[in-house]
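First comes the structure, then the notes that go with it.
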Amino acid sequence: MLNEFRMQLPIFQFREKIIKSIRDNQVIIIAGETGCGKTTQIPQYIYENDPGVKIAVTQPRRVAAMTLAERCSLEKQTKLGQLIGYNVRFDDCTSKDTQITFLTDGMLIREFIIDQQLKRYDVIIIDEAHERTVQSDLLLGLLKNLCRKRKQLKVILMSATMQIEKFANYLETEAIHIIEARTHTVDVYNVPIRQQDYVESMVNTILQLHFTQPEGDILAFLTGQEDIEDVKEILIERMKISTQEKQLDVKMLYSALPPEVQLEAFQKSVHRKVVLATNIAETSITIDGIVYVVDCGYVKIRSFQIGKAIDTLLLAPVSKAQAEQRAGRAGRQRQGQCYRLYTQQTYERLAKYMLPEILRVNLLSVILQMKAIGIQNVLTFDLIDRPDMELMLANLNQLVKLKALDSEFNLTEHGKNMSSLPLEPQFSHFLIKAYECGIYDLALNSISVLQVENLFYFQRGAKESLSKILGKFKIANSDHLTKANILRKYEETQNKKSFCKENCLNHKTLQKAISVKQQLKDYMKRITKKEFEKEDYDKFKQVLSEALMFKHAVYSPSDQAYKLKSTNQLAYIHPESVLFNQKPKYVIYNEVILTKKVYLRDVTEIDEL
DNA sequence: GAGCACTGC
């Protein structure tokens, strides 16, 4: 039954022990580094031991769920979607025969909304729990509760070997298994003195490495598009004037890069390759052949400032766990090396772990989900880390104003409908109201494009300017309507690829917007029957303004900036807005975010507040 | 004149 490959995995020696542990305990923890085989093998062991059980395995990312299902199917020599399948957004590859389902944790939360007992599964495995996403934290809370109601249910938490005691205490279990993986060692070097400018330091380190060390590709961790482009330019320049013969291929990798350009970073290169990447290469993406890692020591982190009610996207030092994760990327093939552009002393002072997501994001949609799952008092719900009470209370009150909850915080019919849509509550509210007012096509197009990121792609020094392109599509002083217009024009155009090229648009992004639109349309069919349509921009703005009632701002001439109605904070219109450099008196916005300045993103002019 | 970490439903 078990082929030789499977028997060689480190986890195999633990097979009997783990099966027994699952029999004896309701909740068990399995910790092991990547490569020990826990994710692919444990579900199969459970199935082989008791072929009647239905198993769910969650993953933070959709690609992981899909590839893992494929791998396991191959090992069991079954067709994908039969015995073993996956279920991710836009792609359900399961059947009535499916016993092992790999799914994203967001998907399992949606299943909780439909069936609060999750009766279709006998065993639930939460994988990569150490990543501490909002979804996996919430799932752990829900499963902890569910274990009291369903005594036969088995829950398995899988994670890297960190914070195990914390998970064990929280889940009240002593059944812990630690699996050693066979990974190659990575030699870590720190710079003796920290350089002021990590871009310069990065370039020097890469070149020195290139000219002195034996063959093997390099992965460099930077923080964003800007420093990646800087390093690339300088590297290419220095290589040109270098007297050394050895060539170096410079590739980039970050999520705003169109997928076809990202692919270049994976191709085998004749010369040594250096991939300049964001933390996308930390967990989401693996590049083969990496022997050297260079780590700048920083990462951009998005956090929600509770008092000011603004998001920030700022540079922060990495955590120790993150630095280890980055270094580990050098040891996947053979023994590797990691160069850190910071001192040993700086390393010692780093935080052990990054603050979990649930403690640093706005929780409006999570709280609506919790209410939809039937949690009476979300303020006292037992999560592994409790979010700020005042933030949750503020979120509850916002949901009351959006009529998702009544004054006693009970879920309304409208709230139930809102929670069924894969959108932020404001947008769910907007879409439902827009349907009722007969502006559904405009609203659907607008919301669909607003869901996707990186609509435009500008290479450094691109001829076409953003304002010129925006000018072509601009409608009614509104980013929301302008984006709806872009999607319409895209759909009407025959040659979509050249349309995108002309307008610096991202083809894959618009394709995704179309999938989103179709999905929203399908969901909306279950909520309302209304489908008459009129083209009324004023009505659109009126409904949007009501949905974004906490996101109004007024221009203050003395400050030359916008004053947010909610907090009196000053902010500027983002350069990617059609209203950039214009000064309409009243605006509504989707998001306020601090990067280099406090910016309002996706802005629409309105007549009055 | 000036900007764009990463996931997920």
Side-chain angles (χ1 to χ4, degrees), chain A residues 58-65 87-92 103-114 128 131-139 221-229 253-258 277-285 296 298-303 311-316 318 322 325 354 357 360-361 365-366 368-369 372 418-425 427-428 451-460 462 465-467 470 504 506 509 512 515-516 519-520 522-523 572-577 580-582 591 593-602:
Chain A
T58 72
Q59 290 294 316
R61 286 165 291 278
R62 29 182 292 134
V63 187
N87 188 9
V88 299
R89 187 179 185 183
F90 306 124
D91 194 359
D92 180 359
L103 70 176
T104 47
D105 18 44
M107 258 322 191
L108 194 60
I109 288 175
R110 294 220 92 86
E111 290 198 25
F112 252 110
I113 296 178
I114 297 160
E128 313 282 13
E131 289 192 22
R132 302 293 316 272
T133 63
V134 171
Q135 286 86 354
S136 71
D137 274 9
L138 176 57
L139 281 176
F221 284 102
L222 289 151
T223 67
Q225 182 175 350
E226 194 177 1
D227 51 17
I228 286 173
E229 283 177 338
L253 192 62
Y254 51 89
S255 99
L257 216 54
T278 58
N279 49 342
I280 193 170
E282 234 169 60
T283 49
S284 314
I285 283 176
C296 79
Y298 289 101
V299 63
K300 274 187 194 166
I301 300 181
R302 194 177 177 123
S303 312
D311 275 305
T312 62
L313 181 60
L314 299 174
L315 223 56
V318 293
Q322 230 173 340
Q325 173 72 23
M354 200 167 60
E357 197 185 4
R360 58 183 168 82
V361 298
S365 60
V366 182
L368 180 58
Q369 277 178 334
M418 281 168 65
S419 74
S420 75
L421 297 170
L423 297 171
E424 282 293 306
F427 292 134
S428 302
Q451 293 313 300
V452 294
E453 279 185 346
N454 309 316
L455 183 59
F456 296 102
Y457 172 62
F458 290 95
Q459 276 175 299
R460 193 170 270 198
S465 76
L466 179 61
S467 60
L470 284 175
C504 296
N506 209 325
T509 302
K512 201 180 157 206
S515 312
V516 171
Q519 190 193 27
L520 290 176
D522 294 342
Y523 279 130
Y572 301 85
I573 289 180
H574 195 276
E576 222 170 80
S577 168
F580 182 61
N581 278 341
Q582 299 183 33
E591 185 179 52
I593 183 160
L594 169 68
T595 49
K596 283 183 178 159
K597 272 178 168 180
V598 181
Y599 284 111
L600 303 178
R601 284 217 287 222
D602 291 316

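As a basis for the values below, the full set of heavy atoms in this structure was taken, side chains included, without hydrogen atoms, waters or symmetry mates. Every chain is numbered from 1, with letters handed out A, B, ... down the list of sequences.
Contact annotation: A:T104 reaches the phosphate of B:dC9 (side-chain N/O to OP1 or OP2, under 4.0 Å).
When all heavy atoms of A:T509 and A:E453 are compared, the pair lying nearest together is CG2-O, 3.3 Å.
In terms of modelled atom types and a separation under 3.5 Å, the side chain of A:D137 and the main chain of A:V134 share no donor-acceptor contact.
Going from atom CD of A:E128 over to atom P of B:dG8 covers 13 Å, rounded to whole Å. Whole-Å rounding puts the A:F427 CZ to B:dC9 C1' distance at 15 Å. Look at CG on A:D522: it is 14 Å from C1' on B:dC9, rounded to the nearest Å. Across the protein-nucleic acid pair, A:D92 atom CG and B:dC9 atom P stand 12 Å apart, rounded to whole Å.
Within the nucleic acid shown, A:V134 has no heavy atom closer than 4.0 Å to any nucleic acid atom.
Applying the ring pair (Phe, Tyr, Trp, His ring centres under 6.0 Å) rule to A:Y254 yields no partners; only residues at least two apart in sequence or on another chain are considered.
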Indicate for each nucleotide in nucleotides 2-7 of chain B, in 5' to 3' sequence, whether protein heavy atoms under 4.0 Å reach the base (B), only the sugar-phosphate (S), or nothing (-). SBBBSB
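Screening A:V88, A:T104, A:T283 against A:R61 for a side chain to side chain contact (heavy atoms under 4.5 Å, CB included) leaves a single residue, A:T283.
Remark: A:E282 CD to A:E131 CD distance equals 9.5 Å, nearest 0.5 Å.
Looking at heavy atoms from C-beta onward, A:R360 lies in side-chain contact with A:I301 at the 4.5 angstrom threshold.
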